[in-house]
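Report on the structure given below.
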Amino acid sequence: MTAFTTKLLRWYQGHQRDLPWRRQNDPYKIWVSEVILQQTRVEQGLPYYQRFIHRFPDVGSLANAAEQDVLKHWQGLGYYSRARNMHAAARQLCNQYGGALPKTPEALRQIKGIGPYTAAAIASIAFGHPIAAIDGNAYRVLSRYFASSLPIDSSAGRKYFQDLGNQLLSDGPSGDFNQALMDVGAGICTPRQPQCTNCPLIDECRAYSLSIQDAFPVKSKSLQRRERSFHFLWVEDENCVAFEQRQAGDIWQGLYQLPLIEQRPADSKNAWLKTLTKLTDTKVAPQLVWHTRHLLTHQNLHIYFYKLRLTRQQTQALSNKSIQWVPFNNIAALPVPRPLEQLLQQKGLARH
DNA sequence: AAGCCGTGGAA
DNA sequence: TTTCCAAGGCT
């Protein structure tokens with residue numbers, strides 16, 4: 001066993017975090033935790049994990065749930081395909097494996113929403129399978145320790161660090177190895193200002209010895225997102241509010257929202273009103289009761305909010321585009337995007 | 001393969 | 001204010 005692995009495992013004995021999914025060895029709970037924690041910090045995912053496990057304690061309860069209920073428990077966490085995929089996967093598991101999770105990475109990879117990392121994590125942590133789980137933490141720790149400039153977002157880089165991790169793992173306890181690597185990455189070998197003096201791997205870390213920790217990991221592409229402006233329209237009749245469910249191929253798939261008009265940021269200020277007038281196919285513009293201007297900018301998302309009074313004719317026209325009329329007291333059951341959730345809460349519109 | 005999917009915290 | 005990016009996976 002290498003010095004790397006020996007020191008890592010020894011450190012883990014005294015410094016591992018006390019996390020709920022580590023308190024037992026239920027593969028289902030390990031699966032849930034791994035999916036929740038994809039691209040998500042422990043602090044952010046922890047309350048979601050607790051609520052999710054409480055409501056869906058096993059594969060069967062998840063398989064039997066309605067998708068809306070599953071999405072509701074994911075509301076606000078983001079990357080909602082994770083919830084949809086887990087829901088589908090639970091049904092898949094009930095049909096193929098009698099509700100149990102398979103034990104090999106290869107079989108796990110066939111499950112919806114389980115990729116190379118999650119398959120390795122479940123196989124190693126739940127079943128002791130000897131494979132390294134290479135996540136963002138592992139990429140960071142390994143690339144610094146070996147001062148490796150291979151881009152971690154290239155296919156060559158992924159293969160290199162996977163092989164490297166597997167070699168270091170050797171015949172040691174794979175679950176502990178992987179979780180130890182994650183704990184070091186999350187708490188010590190952090191993206192910025194790593195706490196090297198507390199690191200069990202400081203002695204042989206090449207990046208530290210050269211004081212070039214900030215240079216790793218190397219990524220070839222930089223992420224940038226397009227800017228979008230959403231204009232949410234609150235349209236109500238006596239008892240109900242107009243909602244629609246978002247479709248595939250875009251953000252917030254499967255979630256519910258107020259009818260919206262998207263306008264490119266470059267468009268003129270009231271372009272949405274023209275669009276709505278066209279949409280409702282009348283010469284008269286819909287009456288605006290009130291609106292919020294730039295209620296919140298959510299990263300690159302600009303959210304606007306308008307309460308409208310429509311003529312019966314306009315409402316009819318709007319109904320043509322798969323509008324669902326939701327009673328006021330049913331709104332709270334709908335999974336909605338975070339910006340809309342905050343909007344409804346601020347305006348006190350979710351209760352009646 | 002490259003682009004996309006959410007949200008919140010930190011600097 | 002802007003930028004980065006966190007226990008990735010899908011198309």
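Computation of the quantities below employed the complete heavy-atom set of this structure, encompassing side-chain atoms and omitting hydrogens, waters and symmetry-equivalent molecules. All values reported here derive from a predicted model rather than from experimental measurement. Below, chain A is the first sequence line, B the second, and so on; all start at residue 1.
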Which nucleotide in the list dA7(C), dG6(B), dG8(C) gets nearest to the side chain of Thr118(A)?
dG8(C)
Under 3.5 Å, N/O pairs linking protein and nucleotides 3-5 of chain C:
none

Using the C1' atom as the reference point in each nucleotide, state the distance between dC5(C) and dC4(B) in Å, no decimals.
16 Å
Does one side chain, of Gln38(A) or Arg82(A), offer a donor that lies under 3.5 Å from an acceptor on the other?
no
Could you pull out all donor-acceptor pairs under 3.5 Å where a side-chain atom in residues 96-105 of chain A meets a protein atom, sequence neighbours excluded?
| from | atom 1 | to | atom 2 | distance (Å) |
| --- | --- | --- | --- | --- |
| Thr104(A) | OG1 | Ala107(A) | N | 3.1 |

Are any side-chain N or O atoms of Arg109(A) and backbone N or O atoms of Ile114(A), one a donor and one an acceptor, separated by less than 3.5 Å?
yes
Integer-rounded Å distance: dC5(B) C1' and Asp250(A) CG:
10 Å
Just how far, in rounded Å, is P of dA7(C) from CD of Gln39(A)?
8 Å
Between dG6(B) (P) and Arg82(A) (CZ): distance, integer Å:
9 Å
If you assign Lys112(A) and Met182(A) each to the DNA chain C nucleotide with the nearest heavy atom, which residue ends up on the more 5' nucleotide?
Met182(A)
Per Gln193(A) side chain, nearest of listed nucleotides dG8(C), dT7(B), dA11(B):
dA11(B)
Length of the line joining Ile152(A):CD1 and dG8(C):C1', which is rounded to integer Å:
11 Å
Could you check Ile303(A), Leu340(A), Leu258(A), Ile261(A) and say which one makes a side-chain contact (heavy atoms from CB on, under 4.5 Å) with Phe230(A)?
Ile303(A)
Quick one: Gln38(A) CD to dG8(C) P, roughly how many Å, whole number?
7 Å
Residue Arg228(A), side-chain heavy atoms: nucleotide from dG8(B), dC5(B), dA7(C) that is nearest
dC5(B)
Regarding the side chain of Asn85(A), the nearest nucleotide among dG6(B), dC10(C), dA7(C) is dC10(C)
note: Asn300(A), atom CG; dT7(B), atom P; distance rounded to Å ~ 11 Å
Run the ring-ring contact (aromatic ring centres under 6.0 Å, His included) test against Phe56(A) and tell me which residues pass, sequence neighbours left out.
Phe52(A), His73(A)
If we ignore angles and hydrogens, is there a donor and acceptor under 3.5 Å between the side chains of Gln179(A) and Asp183(A)?
no
Does Asn178(A) reach the main-chain N or O of Ile131(A) with its side chain, forming a donor-acceptor pair under 3.5 Å?
yes
If I pick the C1' atom on dA1(B) and the same atom on dA6(C), what distance separates them, to the nearest angstrom?
23 Å
What is the distance, rounded to the nearest whole Å, between atom CD1 of Ile36(A) and atom C1' of dG6(B)?
14 Å
Please pick, from dG3(B), dG8(C), dT7(B), the nucleotide with the shortest atom-to-atom distance to any side-chain atom of Tyr79(A).
dG8(C)
What's the gap between dA11(B) and dA7(C) when it is taken at their P atoms, as a whole Å value?
15 Å
Looking only at atom types and distance, does a side-chain atom of Lys112(A) sit under 3.5 Å from a main-chain N or O of His87(A), one as donor and one as acceptor?
no
On DNA chain B, compare the nucleotides closest to Lys221(A) and Thr40(A); which residue's is nearer the 5' end?
Lys221(A)
Would you say a side-chain N or O of Tyr80(A) is under 4.0 Å from OP1 or OP2 of dT7(B)?
yes
Tell me which of Tyr117(A) and Gln44(A) sits closer to the 5' end of DNA chain C, going by the nucleotide each one is nearest to.
Gln44(A)
Nearest whole Å is fine: how far is dG3(B) P from Gln253(A) CD?
21 Å
